[in-house]
2 protein chains.
Amino acid sequence: MPRPSDAKKHFVDTAVTLFRRKGYNGVGLNEIIAVSGAPKGSFYHHFPGGKEELAEEAARLAGHRIARLIDQAFIDAPTFADGVHALADIIADWFEASDWRDGCPVTALVIGAIPDSTRLSAVVAEVLEDWAARTAGHAERLGVSDPRERAARFFIALEGAWLLARVQRTRAPFKLAASMVL
Amino acid sequence: MPRPSDAKKHFVDTAVTLFRRKGYNGVGLNEIIAVSGAPKGSFYHHFPGGKEELAEEAARLAGHRIARLIDQAFIDAPTFADGVHALADIIADWFEASDWRDGCPVTALVIGAIPDSTRLSAVVAEVLEDWAARTAGHAERLGVSDPRERAARFFIALEGAWLLARVQRTRAPFKLAASMVL
DNA sequence: CCCGTTTTATGGTGATCACCATAGAATGGA
DNA sequence: TCCATTCTATGGTGATCACCATAAAACGGG
């Protein structure tokens, strides 16, 4: 049983995991509450906006986590291409370790919650923009001539690879994706 | 009211549209039946396997349709790159015309039905393999040295672009995707 | 210790979910 | 026309959906 003030964190954390596995509409509130271990009666106290508000916070949390992965991959990379390969490898590692179940958290929300929820759509757009801007920053620092476009290409390939790897259950798409950005 | 023997087609056709818009778990059987206009009482006669069987047929139908688009784009293309741009343009046109709502039918099923349904997973894998093989065939015919890999790259970029364009509501991702395959 | 605030427990609401049993209607070949 | 097959109509099943009203419990500053 989690400490009282941690209940909200547990809800969001569980939501991130379950949304990634089964999609926004594939997970019920009851399941999230049960898995999180947080008290059922407190859900609508912490999330007056209900499931949609929970998904917003889940998007932000997952967004921050991947943002950290981005920095981690590029901070020690001698070239942009090295950073791209490093990030693709990291994500492929985690994805394979989950038996190809934990997809991109953003994709999970895009399918089934966009464009129905205006607020959630905006949050998702913000998260993707943060990823792109952050990556473009690293690209510029590493001497790439067109950092914004290279970053955009990278995430197109990364999202596509994340989806196809789920079907093929192979990390081949990630390898190809990394090689495409160059 | 559709002619009796057309009921099944109507169900599948409607399922393709609605799955693309709201995802597999975002659409209920009642809605599909209502929108299709086909007789409600006949659903489980045509689809003893229920929603999952309907989704299988929807995947196959959508697969065939996009396969036709692929051939259509490449058949008159002087080079592989021209075919890639042509297909990306066609899909971007349709996507924009739907106000960025009709996503990739395969993506809609991958999120929320994989890996829960083994049969559906297999069908999706078959459809993607057909697209790749078909595209590789065109690539080879057009003198590409590594047709299989180029086709794989293309669909990684295409799926990623289809997803990101839904968030950005712009065809820019498709343009970038096409330029990445070269 | 008291009191106001934050958090949790309980027990539901109606709606919708996928699914199905049974029976009647339509159809087309013999 | 008769019959077998194919299709449709009706009216549900229990389960789960997101959500909430009410009240008790835990907490922390004064």
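The chains referred to below are lettered A, B, ... by the order of the sequence lines, with proteins before strands, and numbering in each begins at 1. What you see is a predicted model; the values in this text were computed from it and never measured.
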Closest approach of B/R150 and B/V181, non-hydrogen atoms and distance?
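Where B/R150 meets B/V181 most closely, the heavy atoms are NE-O, 3.0 Å.
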Any salt bridge between B/R60 and B/E126, counting N to O under 4.0 Å?
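Salt bridge present between B/R60 and B/E126.
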Tell me, which of residues 108-118 of chain B have any heavy atom that sits under 4.0 Å from an atom in DNA chain D?
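Correct list: empty, so none.
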Check whether any side-chain nitrogen or oxygen of A/H45 sits under 4.0 Å from OP1 or OP2 of C/dT8, and answer yes or no.
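Result: no.
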Establish, with yes or no, whether the OP1 or OP2 oxygen of C/dT8 is under 4.0 angstrom from a side-chain nitrogen or oxygen of A/S42.
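So the side chain of A/S42 is within the cut-off, an N or O lying under 4.0 Å from OP1 or OP2 of C/dT8.
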Between A/F43 and B/F11, which has a closest nucleotide on DNA chain D that is more 5'?
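It is B/F11 whose nearest nucleotide is closer to the 5' end.
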I'd like to know if the side chain of B/R20 reaches the main chain of B/G103, judged simply by a donor and an acceptor atom lying under 3.5 Å from each other, with no hydrogens or angles considered.
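Indeed, once roles are kept as given, a pair shorter than 3.5 Å links the two residues.
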Looking at A/S36 and A/A38, would you say the former's side chain and the latter's main chain have a donor-acceptor pair under 3.5 Å?
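Yes.
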Review item, nucleotides 14-17 of chain D N/O atoms under 3.5 Å of protein N/O:
| unit_1 | atom_1 | unit_2 | atom_2 | d |
| --- | --- | --- | --- | --- |
| D/dC17 | OP2 | A/N30 | ND2 | 3.3 |

Aromatic ring pairing B/F95/B/W162, orientation class (parallel under 30°, perpendicular over 60°, tilted between):
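Ring orientation of B/F95 relative to B/W162: perpendicular.
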Can you give me the N/O atom pairs linking the protein to nucleotides 20-25 of chain D at distances under 3.5 Å, or say none if there are none?
none

Measuring from atom OG of A/S121 to atom CG of A/L109, what distance do you get when rounded to the nearest 0.5 angstrom?
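Going from OG on A/S121 over to CG on A/L109, the span is 9.5 Å.
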